[in-house]
Chemist: 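Take this structure, written in structure tokens, and hold onto it; I'll ask about it next.
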Amino acid sequence: MSAGAPPVPTDASFYDRPVLEVAPDLVGCVLRYRGVAGRIVETEAYHASEPACHAYVGLTPRTEVLHGPPGVFYVYRSYGVHALLNTVVEPDGVGAAVLVRALEPLSGLQAMRTRRGLDRVQDLCSGPGKLTQALGIGLDLNATSVGERIEILPRPTGAEEPRVVTAERIGITRAVELPWRFCDAGSRCVSRPLPPAMRRGARAAA
DNA sequence: TAAACGATGCCCT
DNA sequence: GGGCATCGTTTAC
């Protein structure tokens, strides 16, 4: 890409950057798979240098993709039940990824409701395991490239810019102090509520 | 071969 | 707001 141009998530070079740049940049982008789409409202950064990251312990068969080139999806099973969706970032071999934690449903709502067995929009994709279920994303999509089957599209032109706030990551027991969670403060679809001070100005309506 | 541990979600109070 | 189900992956013996 040319110098000075804003990075776009349809470009492979978008992911060949520091994870702390890519993770907030993904907030507001659109994730689409088989006609079902949602706006990314929450991400988390993981890096091999800190113990909460799967790459921290080194290369295992399960984390092979995580140690590979950027711009590839790393999908793994959590708690024996849920599929969690990550995008590998940083140069080949570093072992860093962005976890997509929550979406705001945009299209294909009926398919999402059917897969989730729920009606409420704010419950469809408000969690890393929920969104993969809602979109029908399974472990078979591990190691596929961005744009190959799952697409990540730039923030729609003219759309309101997301107000990205940082917070501590969710559901981990190590390196809990790192503020590597990135949320759109204006969205009701985040996986866990933000502190009131961060929601100021948001269109509330609980 | 066996045991422990989760980047969670759901149902209960 | 808190506790528990669930089972693949990892690590230990």
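Residue numbers start from 1 in every chain, and the chains themselves are labelled A, B, ... in the order their sequence lines are given, proteins ahead of strands.
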Chemist: Got a donor-acceptor contact below 3.5 angstrom from the A/T132 side chain to the A/A83 backbone?
Modeler: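 A pair under 3.5 Å: yes.
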Chemist: Between A/D123 and A/H54, which has a closest nucleotide on DNA chain B that is more 5'?
Modeler: A/H54
Chemist: A/R62 has an atom CZ; how far is it from atom P of C/dC7, in whole Å?
Modeler: 16 Å
Chemist: Please determine, for the side chain of A/C53, which listed nucleotide (B/dC10, C/dT11, B/dA7) has the closest atom?
Modeler: B/dA7
Chemist: Dot-bracket, DNA chain B: Watson-Crick or G-U, under 3.5 angstrom, [ ] crossing, | other strand?
Modeler: ||||||.|||||.
Chemist: Rounded to the Å, how far apart are A/R77 CZ and B/dG9 P?
Modeler: 14 Å
Chemist: Without decimals, in angstroms, what is the distance between A/I170 CD1 and C/dG2 P?
Modeler: 14 Å
Chemist: With a 6.0 Å cut-off (strictly less than), is the heavy-atom count around CZ of A/R32, excluding the residue itself, greater than 12?
Modeler: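 Open: at most 12 neighbouring heavy atoms sit under 6.0 Å from CZ of A/R32.
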Chemist: Students often get this wrong, so: under 4.0 angstrom with heavy atoms, is A/R169 touching a base, only sugar-phosphate, or nothing?
Modeler: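 Nothing, no heavy atom under 4.0 Å.
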Chemist: Quick check for you: among B/dG9, B/dA7, C/dT6, whose closest atom lies nearest to any side-chain atom of A/L99?
Modeler: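 The answer is B/dA7, which lies nearest to the side chain.
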Chemist: Would you say a side-chain N or O of A/T60 is under 4.0 Å from OP1 or OP2 of C/dT10?
Modeler: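 Answer yes for this pair, as a side-chain N or O of A/T60 is under 4.0 Å from OP1 or OP2.
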Chemist: Select from A/A55 and A/L118 the residue whose nearest nucleotide in DNA chain B is closer to the 5' end of that strand.
Modeler: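 Comparing both residues, the 5'-ward one is A/A55.
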Chemist: So, the side chain of A/R169 versus the backbone of A/A45: is there a donor-acceptor pair under 3.5 Å, distance only?
Modeler: yes
Chemist: Taking 4.0 Å as the cut-off, does a side-chain nitrogen or oxygen of A/R101 come that near to OP1 or OP2 on B/dT8?
Modeler: yes
Chemist: Would you say A/Y46 stacks on B/dA7, if stacking means ring centres under 5.5 Å apart and planes within less than 30 degrees?
Modeler: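 A stacking contact exists, since A/Y46 sits close and nearly parallel to the base ring of B/dA7.
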Chemist: Do side-chain atoms of A/E42 reach the backbone of A/S191 as a donor and acceptor pair under 3.5 angstrom?
Modeler: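 It does hold such a pair.
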Chemist: How long is the line joining CG of A/L66 and C1' of B/dA7, in whole Å?
Modeler: 11 Å
Chemist: How would you label the contact of A/I172 with the nucleic acid (heavy atoms, under 4.0 Å): base, sugar-phosphate, or nothing?
Modeler: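 Result for A/I172 = sugar-phosphate.
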Chemist: Closer to the 5' end of DNA chain C via nearest nucleotide, is it A/H82 or A/T63?
Modeler: A/H82
Chemist: Just the rounded figure in Å: distance from P of B/dA7 to CZ of A/R192.
Modeler: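 Checked: the CZ to P distance equals 16 Å.
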Chemist: In whole Å, what is the span from the CD atom of A/E42 to the P atom of B/dT8?
Modeler: 10 Å
Chemist: For a quick check of understanding: with a heavy-atom distance under 4.0 Å over all strands, which category does A/R116 fall into, base, sugar-phosphate or nothing?
Modeler: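 The residue A/R116 makes sugar-phosphate contact but no base contact.
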Chemist: Using atom OH of A/Y79 as one end and atom P of C/dA5 as the other, report the distance to the nearest whole Å.
Modeler: 14 Å
Chemist: Is a side-chain donor or acceptor of A/T114 paired with a backbone partner of A/Q110 at a separation under 3.5 angstrom?
Modeler: yes
Chemist: Is it the case that the side chain of A/E44 and the backbone of A/I170 share a donor-acceptor pair, with hydrogens and angles ignored and the cut-off at 3.5 Å?
Modeler: yes
Chemist: Give a yes or no on this: more than 12 heavy atoms of other residues, nucleotides or ligands lie within 6.0 Å of atom CD of A/E21.
Modeler: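 Yes, enclosed.
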Chemist: Which residue is it: A/R101, A/R39, A/R155? I am looking for the one with a salt bridge (Lys or Arg N to Asp or Glu O under 4.0 Å) to A/D184.
Modeler: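 Single pass found, and it is A/R39.
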Chemist: When the distance from CZ of A/R181 to C1' of B/dT8 is rounded to whole Å, what number comes out?
Modeler: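 Distance, rounded to whole Å: 14 Å.
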